[in-house]
S.K.: 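My questions all concern the structure below.
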2 protein chains.
Amino acid sequence: MDAAERLVESTRALLWERGYTGTSPRAIQERAGAGQGSMYHHFRGKPDLAAAAIRRTADELRSRARDQLAAPGPALARIEAYLRRDRDVLLGCPVGRLTQDPDVLADPTLHAPVAETFDWLCAELSAVLAEGITAGELSPALDPDDTAATIVATLQGGYVLARAAGSRDPFDRAIQGALSLLKAATP
Amino acid sequence: MDAAERLVESTRALLWERGYTGTSPRAIQERAGAGQGSMYHHFRGKPDLAAAAIRRTADELRSRARDQLAAPGPALARIEAYLRRDRDVLLGCPVGRLTQDPDVLADPTLHAPVAETFDWLCAELSAVLAEGITAGELSPALDPDDTAATIVATLQGGYVLARAAGSRDPFDRAIQGALSLLKAATP
DNA sequence: GTCTATAACTCGATAGAC
DNA sequence: GTCTATCGAGTTATAGAC
């Protein structure tokens with residue numbers, strides 16, 4: 001792994017742990033084992049480096065969501081597989097956490113990948129839900145877009161509750177509760 | 001309003017907008033119209049001031065949740081009133097946002113009010129849900145604790161989605177989706 | 001109780017040697 | 001391509017005058 005690569009990975013880790021404001025170029029360099037000169041040679045500065053890191057993190061999230069949502073099988077089973085997938089719950093969502101950083105939201109280059117990720121995820125889930133309704137797995141009374149937003153919100157909020165509690169328990173309960181509600185909503 | 005009071009209110013506003021790491025004593029002082037000396041006379045430093053601000057914000061959240069949840073009326077109606085209450089969606093939750101700040105989670109004095117707030121809120125909602133099940137409004141198949149966690153997570157995640165989208169739409173959709181699922185889960 | 005001055009440090013970024 | 005030195009500003013906090 002060359003220096004530019006290590007700098008991006010280091011930035012990804014620090015943005016996840018400490019957010020944009022809490023991440024200093026100095027900390028990025030130390031973690032990457034690179035010096036000032038190296039960093040400012042490869043990147044114009046902190047926003048440039050953050051843009052590269054956020055784009056990669058967003059791409060990875062999409063790719064991992066596709067693994068479960070685009071798999072073969074019944075709609076509800078794919079949603080359950082996605083919700084129950086192994087996650088580092090106490091670390092929170094590396095994309096969702098960026099929405100708490102006003103400096104990220106204020107910079108269109110940093111904000112755009114975050115907005116696109118959740119737009120894409122809601123649309124993808126909505127399509128799977130619509131499929132489940134057509135197949136007779138889910139009640140036609142459910143609105144796919146609304147329900148998709150509820151599912152993504154349950155995940156994002158589950159992370160918040162887990163970090164507040166210092167335990168993954170509330171996350172697991174929130175997921176279980178959402179799945180129970182979905183399973184109760186059969187035609 | 002005296003200086004100490006203005007300093008706490010100023011800290012509350014800044015913690016909400018910019019988080020703990022993003023909030024400097026200087027910014028607190030400027031917003032409060034108080035000087036360095038005044039601040040360090042009334043408070044030992046940034047963590048002390050933040051502790052006072054967080055305690056007050058947490059108390060206020062609980063008090064406002066009680067307004068809807070402890071009101072008279074059927075269980076489901078109280079939950080809907082709580083979920084549909086007027087909110088500054090794009091500002092996010094002033095308590096939930098603190099879970100993204102590692103410096104808050106690392107300090108027990110700052111972390112405790114955050115943990116207690118969500119513990120209390122989940123317990124309160126769980127009690128209302130249990131009441132709804134007993135009254136025959138909701139299916140006995142629902143687990144009150146799980147469902148309560150799902151509801152709180154939907155709110156917290158709804159804020160995340162709204163800030164990501166730069167619009168309150170996904171928040172409203174997530175709430176609507178959760179209410180539709182709850183209403184579909186009748187005995 | 002509030003002020004100003006200052007300390008010791010980190011911030012994000014640039015300059016210029018090698 | 002990476003280094004070290006340095007910049008000016010901002011950080012949290014203390015000291016001491018008033």
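Chain A is the first sequence line, chain B the second, and so forth, proteins listed ahead of strands; every chain is numbered from 1.
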S.K.: Measure from CD1 on A:Ile28 to P on C:dC11 and round the result to the nearest Å.
M.R.: 11 Å

S.K.: Does some side-chain heavy atom of B:Ile175 sit less than 4.5 Å from a side-chain heavy atom of A:Asp146?
M.R.: no

S.K.: Roughly how far, to the nearest 0.5 Å, is CZ of A:Arg85 from CD of A:Glu80?
M.R.: 14.5 Å

S.K.: If only side-chain N and O atoms count, and only distance matters, is there a donor-acceptor pair under 3.5 Å linking B:Thr21 with B:Asp101?
M.R.: yes

S.K.: Would you mind reading off the distance between A:Arg6 atom CZ and D:dG1 atom C1', rounded to a whole angstrom?
M.R.: 12 Å

S.K.: Considering heavy-atom distances to DNA chain C, does A:Gly45 or B:Tyr40 have its closest nucleotide positioned more toward the 5' end?
M.R.: B:Tyr40

S.K.: Can you tell which of D:dT2, D:dA13, C:dG1 lies closest to the side chain of A:Ser38?
M.R.: D:dT2

S.K.: Quickly work out the A:Leu14 CG to C:dC11 P distance and round it to whole Å.
M.R.: 11 Å

S.K.: Could you tell me the separation between the CE atom of A:Met39 and the P atom of D:dT4, rounded to a whole number of Å?
M.R.: 16 Å

S.K.: How long is the span from the SG atom in A:Cys93 to the CG atom in A:Leu98, to the nearest 0.5 Å?
M.R.: 8.0 Å

S.K.: Which nucleotide in the list C:dC11, D:dT12, C:dG12 gets nearest to the side chain of A:Arg26?
M.R.: C:dC11

S.K.: To the side chain of A:Lys46, which of D:dA13, C:dA13, D:dG1 is closest?
M.R.: C:dA13

S.K.: Just the rounded figure in Å: distance from P of D:dT4 to CD of A:Glu30.
M.R.: 13 Å

S.K.: For A:Leu7 and C:dG12, what is the distance between atoms CG and C1' respectively, to the nearest whole Å?
M.R.: 15 Å

S.K.: A:Phe43 CZ to C:dT14 P: how many Å, rounded?
M.R.: 16 Å

S.K.: Answer yes if the side chains of A:Tyr159 and A:Arg87 hold a donor-acceptor pair under 3.5 Å, and no otherwise.
M.R.: yes

S.K.: Counting side-chain heavy atoms from CB outward, which of D:dA5, C:dG1, D:dA13 is closest to A:Gln36?
M.R.: D:dA5

S.K.: Taking for each residue the nucleotide of DNA chain D with the nearest heavy atom, is it A:His41 or B:Ala27 whose nucleotide lies nearer the 5' end?
M.R.: A:His41

S.K.: Could you state the atom-to-atom distance from CG of B:Asp48 to P of D:dT14 in whole Å?
M.R.: 12 Å

S.K.: Counting only side-chain N and O atoms of B:Ser24, is one of them less than 4.0 Å from OP1 or OP2 of D:dT11?
M.R.: yes

S.K.: Does B:Thr23 reach a base, just sugar-phosphate, or nothing at all? Heavy atoms under 4.0 Å.
M.R.: sugar-phosphate

